[in-house]
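Okay, structure first, notes after.
All of these numbers come straight from a predicted model, not from anything done at the bench.
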Amino acid sequence: MSENVVHLHKPTDPPTSDTDPTVLTVVPDAPPARPVPLWVRSGRAIKTAATHERTRSTGRAVARHSLYAFNGGRIVARRTWDGRTGARYERMIRAAEAAGNLEAAEEWEERLQRFRAARHHRRMDLLHSPVEAAKGVAVGAGMSIGTLVALGIVMAINTGHVGDVITPLSATIDFIALLIRIVQIVWGPALTIGPFLALLALWSVGRKQQAAPNWALPANVRSGEGEPITPSIVVKALRDLGVPALRNAIKEMGDAGASMLGPITIAGCGVEVDVTLPSGVSTNEVQNKRRKLAENLTRHEHEVFITIPQAARTVRLWIADSGALDEPIGPSPLVTDETMTADYTKGRAPWGQDLRGDAAALSLYQRHLLITGLSNQGKTVALRSLALWLSLDKSVQFLMGDLKGVGDWAMFDGLATTLIQGPTDEHVIQVTEMVESAVDEMNRRIQAPPGTVFPPLILLVDEAQVAFMCPAKGTGKDKRPYGGSKADSRYFMAVRKIHNQGRAVNVLMWQGTQDPTNENLPKLVREGAHTRASLALGTESQARMALGDKAVDGGAAPNLLRPGLDRGTLVVASDGITIPAGQSSITVRTHYIDDDAAKAITDRAKALRDGVTTLHAIERGEEHDPLADIAAVIGDAPRVRTKDVLARLATRNADAYGGWSFIDLKRVLDDAGAEPYKSDGVMVVARDRVARALANRDNEGSASADG
């Protein structure tokens with residue numbers, strides 16, 4: 001179209017298309033696109049070619065091989081310099097001085113003096129060597145000519161020709177001329193090819209040492225994933241850690257920086273090495289750089305652990321094989337070995353594996369226990385696995401409070417004497433009274449005759465932070481709060497009393513709690529535990545609350561565990577587990593035992609016992625029938641020891657039976673005609689006698705009512 005716009009409209013209408021739909025506006029075809037200038041297309045092509053992966057790979061390859069040759073020359077030059085001078089000895093002397101090893105420094109100084117003396121002797125010999133060489137050449141040449149002439153005379157006598165006298169000498173001259181001719185022919189090409197051969201040799205040295213920047217190396221070498229740990233790698237990682245004093249000390253040491261390292265030994269799924277730091281570098285400067293050190297070692301942060309051994313100015317590095325810590329450790333022996341039993345006094349619970357891959361077993365004998373960690377990190381499973389093992393010792397009694405109340409401990413129904421499950425304030429009240437009844441039992445045991453042996457009583461409270469933070473208070477005259485961390489807190493004070501005296505009479509407190517703070521885990525309670533373990537935590541301050549300052553200052557760092565990824569991995573501070581010499585804690589990857597496997601284990605534990613009647617609540621302020629209560633705590637067992645009956649009665653109703661002694665129990669049984677008797681030298685109460693006494697009493701009551 002030749003016109004830009006054509007309008008079709010009525011004569012009376014204004015020529016607008018906004019108000020009249022009859023207006024037709026025709027827009028001409030768009031003008032043809034302007035051609036892109038050649039220089040723009042060339043620039044784009046150059047940019048595409050320059051940024052293409054093939055171009056970048058080619059550039060890296062050129063830079064890499066060029067630097068191989070250049071740095072190979074530097075390496076050869078340095079080796080030559082070290083061989084011709086005392087530079088190597090001087091570096092070793094500086095390294096020994098930096099490490100504070102004066103004996104080694106003196107030894108290297110003696111070696112340097114011997115090297116210099118030998119070098120001086122060689123140089124003095126060179127002053128006299130030209131004259132001696134000339135004399136040797138003259139004498140040798142004379143002897144050689146004489147020998148050739150004598151050989152010619154012999155040949156002449158043999159052949160009868162006088163000309164044969166000079167034949168050997170002439171042949172020797174011709175041979176020398178041939179050698180000179182060969183050298184003349186080869187010399188030219190050798191001068192041309194020689195530099196290339198020398199360059200190839202330097203390139204080979206540089207390639208072997210990977211003497212090129214990291215960005216220029218091939219991808220498989222540059223990543224370093226799974227790279228084996230060598231002394232040079234550890235020294236470079238420490239040098240690049242960003243600690244000026246450490247970097248300068250290693251720089252002065254040169255290649256002798258490896259003198260800081262002890263032997264690199266295989267330790268489970270990784271390696272272990274002790275590093276003696278130079279003077280002026282503190283161990284916490286290295287500890288605080290854990291992530292950077294791990295990255296310098298081509299590892300993730302969780303694959304490097306730094307601990308402080310007994311040696312002064314030394315850090316111990318444990319470096320995992322790449323990806324090894326993400327592999328499962330296998331099932332618990334409790335699951336695989338159905339014949340396993342437990343021994344509270346001498347045995348150790350199979351808890352998992354340490355970082356070396358060795359079995360980690362924990363002694364529970366007379367040790368209060370505290371396990372902490374963030375939610376959903378495996379705290380309950382770790383705590384439960386210890387209780388599962390100990391349940392296989394039929395002498396152990398359990399009082400359990402699960403303040404989560406989702407059934408994690410339901411398999412102990414019929415095994416624990418008391419099992420309270422639920423998260424409400426009423427459940428906290430029940431758990432508090434259960435702990436207070438254990439205090440009464442502890443006091444009764446303390447007052448027993450010296451030498452009396454008591455069965456272990458494990459008082460276990462999971463999610464203990466719910467109890468400490470409970471706002472409920474007592475009713476009536478007793479307005480004391482159940483929760484809190486003050487002297488009037490019933491739960492807090494009951495736990496403190498057990499921590500103070502329970503160990504001596506085998507009354508032990510086990511607690512599991514989330515996210516430790518001063519509010520939900522008071523200082524006096526956490527410090528009363530002999531065995532303290534922590535899963536992943538959020539901060540270092542929480543780690544100190546969980547494990548104590550000594551363990552954290554010694555390298556324990558549960559706050560550096562990865563929430564979710566390191567589920568079931570905990571840091572343990574206890575004398576009940578084997579900890580490497582010089583360390584204050586150990587990291588354990590615990591076995592996972594699911595609910596079905598846990599139920600199978602508790603079924604085996606129940607088969608070892610005579611039968612336990614589990615109470616799910618603490619009875620308070622109600623009328624009680626001593627004979628009926630005795631029958632209830634005996635359960636289905638044919639006979640129960642009198643002291644066990646007393647313990648179960650105290651658990652059933654602390655107010656009524658907490659202060660009972662053997663005399664009180666005997667009085668009730670004698671009056672009912674169900675007297676206790678000795679069996680295998682131990683006083684026991686027979687179920688049949690008590691049942692018969694109850695039946696007789698009921699019959700007598702019925703007869704009296706009829707009369």
Side-chain angles (χ1 to χ4, degrees), residues 98-101 229 231 234-235 237-247 249-250 257-268 270-297 299 301-320 325 354-356 358 360 527 531-534 536-537 539-561 566 569-589:
N101 192 343
I229 300 300
V234 177
V235 170
L238 294 168
R239 182 194 64 194
D240 299 336
L241 205 53
V243 180
L246 180 59
R247 181 182 63 249
I250 294 177
S259 62
M260 298 188 305
L261 309 183
I264 297 179
T265 58
I266 297 176
V271 297
E272 191 173 71
V273 58
D274 282 359
V275 181
T276 303
L277 301 176
S279 178
V281 182
S282 62
T283 54
N284 65 339
E285 289 182 281
V286 177
Q287 279 186 299
N288 295 336
K289 299 277 188 176
R290 178 186 176 190
R291 173 175 292 183
K292 191 169 186 178
L293 178 61
E295 292 173 350
N296 291 348
L297 293 167
R299 296 295 191 272
E301 183 180 12
H302 71 279
E303 294 176 329
V304 175
F305 288 81
I306 305 173
T307 55
I308 309 299
Q310 290 180 340
R313 223 172 59 241
T314 302
V315 294
R316 178 168 295 161
L317 306 181
W318 185 86
I319 307 161
L325 294 183
D354 61 15
L355 296 178
R356 295 170 172 267
D358 299 330
E527 291 185 350
T531 295
R532 300 168 70 172
S534 176
L537 290 174
T539 64
E540 181 181 329
S541 62
Q542 290 177 333
R544 291 184 180 275
M545 292 179 186
L547 299 176
D549 292 336
K550 179 181 179 181
V552 174
D553 292 339
N559 53 300
L560 296 182
L561 295 174
D566 289 327
T569 299
L570 46 75
V571 183
V572 186
S574 172
D575 62 350
I577 193 170
T578 302
I579 296 178
Q583 296 181 200
S584 57
S585 65
I586 186 172
T587 301
V588 176
R589 302 171 68 197

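Annotation for Ile577 and Ile586: closest pair CG2-CG2, 4.0 Å, computed over non-hydrogen atoms. Between Met260 and Leu246 the shortest heavy-atom distance is SD-CD1, 4.4 Å. Annotation for Asn296 and Asp240: closest pair ND2-O, 3.3 Å, computed over non-hydrogen atoms. Here the closest heavy-atom approach between residue Pro244 and residue Gly242 is recorded as CD-O, 3.5 Å. The minimum heavy-atom distance linking Leu297 with Ala237 is given by the pair CD2-CB, 3.6 Å. Contact record, Pro558 with Ser534: CB-OG, 3.6 Å, taken as the closest heavy-atom pair.
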*Can you list the steps and then say if Ile229 with Arg299 is a side chain to side chain contact (heavy atoms under 4.5 Å, CB included)?*
CA-CA 10 Å; Ile229 300 300; Arg299 296 295 191 272; 3.9 Å; yes
_Audit row: Leu293, Leu317, side chain to side chain contact (heavy atoms under 4.5 Å, CB included) steps and yes/no_ = CA-CA 10 Å; Leu293 178 61; Leu317 306 181; 3.9 Å; yes
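By the salt bridge (Lys or Arg N to Asp or Glu O under 4.0 Å) test, Glu295 pairs with no residue at all, sequence neighbours left out. Qualifying salt bridge (Lys or Arg N to Asp or Glu O under 4.0 Å) partners for Arg291, counting only residues two or more places apart in sequence or in other chains: Glu301. The side-chain contact (heavy atoms from CB on, under 4.5 Å) test applied to Thr283 returns Leu277, Ile308, Val315, not counting sequence neighbours. Partners of Glu285 by salt bridge (Lys or Arg N to Asp or Glu O under 4.0 Å), not counting sequence neighbours: none found. Every residue was checked against the salt bridge (Lys or Arg N to Asp or Glu O under 4.0 Å) condition with Asp354, not counting sequence neighbours, and none meets it.
Taking CD1 of Ile250 as the reference point, atom CG of Leu241 lies at 8.5 Å (rounded to 0.5 Å). Going from atom CE of Met545 over to atom OG1 of Thr539 covers 7.5 Å, rounded to the nearest 0.5 Å. Here Phe305 contributes atom CZ and Gln287 contributes atom CD; the two are 13.0 Å apart, rounded to the nearest 0.5 Å. With values rounded to the nearest 0.5 angstrom, Leu355 atom CG is found 5.0 Å from Thr587 atom OG1.
Using a 4.5 Å heavy-atom threshold, the side chains of Val235 and Leu261 count as touching.
With hydrogens and angles ignored, the 3.5 Å screen pairs a side-chain donor or acceptor of Arg290 with a backbone N or O of Val304. Side-chain atoms of Arg316 never come within 3.5 Å of backbone atoms of Thr307 as a donor-acceptor pair (strictly under, hydrogens ignored).
A salt bridge (charged side-chain N to carboxylate O under 4.0 Å, His left out) check over residues 549-558, counting only residues at least two apart or in different chains, returns the pairs Arg544-Asp549, Arg544-Asp553.
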